[in-house]
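Any value given below was found using the heavy atoms of this structure, including those in side chains, with hydrogens, waters and symmetry copies removed.
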Amino acid sequence: MEDVHGNALIHQAMDEWEGRGGRRTTASLTRDLLTQRAYLVDIFEALNALNLKLQGTNINIIMHHDTIRTFMAKLDLWKCRIQQGNTASFSNLDSALIHGNLDSELKKQIITHLTDLKTEFIRYFPEIDEKREAWKFIRNPFQCEVADVSDEVQEEFLELKFNSTAKEDFKELDLETFW
């Protein structure tokens, strides 16, 4: 159960340790709390940065799509790095570790957390990979093939693709202005 300060990860670790008959010294408990909170600071900083990117000016659905896909890829990268004991993606955690050693229990908790976070992103954005191909035409109609667009718009697409004026406009204008 999560308390008002969001310490579910910390309490889970303490319960598991004590459940295995472990006794914690005050120094050990303090160190573990510090490293767990350092990780949480890092992950919330990443989420806040994502939030700010999604709220920026001149942002459109395609940019949102790219930003979310990038963040999901970062979750995979971070998980892979943590599995290898590499905390370079988490500067606060990295600083909090003694001699750079990542405790195996904390490693397991972070991997679980990153996996769960990615699962939640997939739940919120279930069509994220499908949209990538659908928006290929919008991103650059001049590098798209007729087979990549639906049958209903293929003839219009060909007229646009071979329109020299439109091609020049596309090079000079941003996506929103072009469309």
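Atom CD1 in Ile111 sits 12.0 Å away from atom CG in Asp116 (nearest 0.5 Å). How far CG of Leu102 is from NZ of Lys107: 6.0 Å, rounded to the nearest 0.5 Å. Between atom CD of residue Glu45 and atom CG of residue Asn92 there is a gap of 5.0 Å, rounded to the nearest 0.5 Å. Rounding to the nearest 0.5 Å places OG1 of Thr119 at 10.0 Å from CZ of Arg123. Interatomic distance, Asp103 CG to Gln109 CD, rounded to the nearest 0.5 Å: 8.0 Å. Considering OG1 of Thr87 and CD1 of Ile110, their distance stands at 8.5 Å, rounded to 0.5 Å.
Under the 4.5 Å side-chain heavy-atom criterion for ILVMFWY residues, no single connected hydrophobic cluster contains both Leu54 and Leu52. Leu173 and Ile59 fall into different hydrophobic clusters, where Ile, Leu, Val, Met, Phe, Trp and Tyr residues are linked whenever their side-chain heavy atoms come under 4.5 Å apart, directly or through other members. Clustering ILVMFWY residues whenever any of their side-chain heavy atoms sit less than 4.5 angstrom apart, transitively, puts Met63 in a cluster other than the one holding Phe170. Tracing side-chain contacts under 4.5 Å through hydrophobic residues (I, L, V, M, F, W, Y), one reaches Ile122 starting from Tyr124; they form part of the same cluster.
Enclosure of atom CZ in Phe178 by more than 12 non-hydrogen atoms of other residues, nucleotides or ligands within 6.0 angstrom is indicated. The local environment of CD in Glu120 is crowded, with over 12 non-hydrogen atoms from other residues, nucleotides or ligands closer than 6.0 Å.
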Below 3.5 Å, can you tabulate the donor-acceptor pairs from side chains in residues 70-81 to any protein atom, sequence neighbours excluded?
unit_1 : atom_1 : unit_2 : atom_2 : d
Thr70  : OG1    : Asp66  : O      : 2.7
Asp76  : OD1    : Lys118 : NZ     : 3.1
Asp76  : OD2    : Lys118 : NZ     : 2.7
Lys79  : NZ     : Thr115 : OG1    : 3.1
Arg81  : NH1    : Ser89  : OG     : 2.5

Could you walk me through whether Glu156 and Lys161 satisfy the salt bridge (charged side-chain N to carboxylate O under 4.0 Å, His left out) test, starting with their C-alpha distance in whole Å, then the side-chain angles of each, then the deciding distance to 0.1 Å, before giving a yes or no? CA-CA 9 Å; Glu156 280 183 82; Lys161 183 172 180 162; over 6 Å; no
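Side-chain contact check for Val41 versus Phe90: every heavy-atom pair is 4.5 Å or farther apart. Between Leu97 and Thr35, the closest side-chain pair of non-hydrogen atoms falls below 4.5 Å.
Two rings, from His65 and Phe125, have their centers 6.0 Å or more apart.
Every residue was checked against the salt bridge (charged side-chain N to carboxylate O under 4.0 Å, His left out) condition with Glu159, not counting sequence neighbours, and none meets it.
For the side-chain contact (heavy atoms from CB on, under 4.5 Å) test with Leu93, the passing option among Asp42, Leu34, Ile43 is Asp42; the others fail.
Thr112 places a side-chain N or O within 3.5 Å of a backbone atom of Lys108 that can act as its donor or acceptor partner.
For the 3.5 Å distance criterion, the side chains of Gln36 and Asp32 fail to qualify, holding no donor opposite an acceptor. With no hydrogens or angles considered, no side-chain donor-acceptor pair links Ser91 and Asp94 at under 3.5 Å.
Nearest heavy-atom pair, Phe121 versus Leu50, reported as atom, atom and distance to 0.1 Å: CZ-CD2, 3.6 Å.
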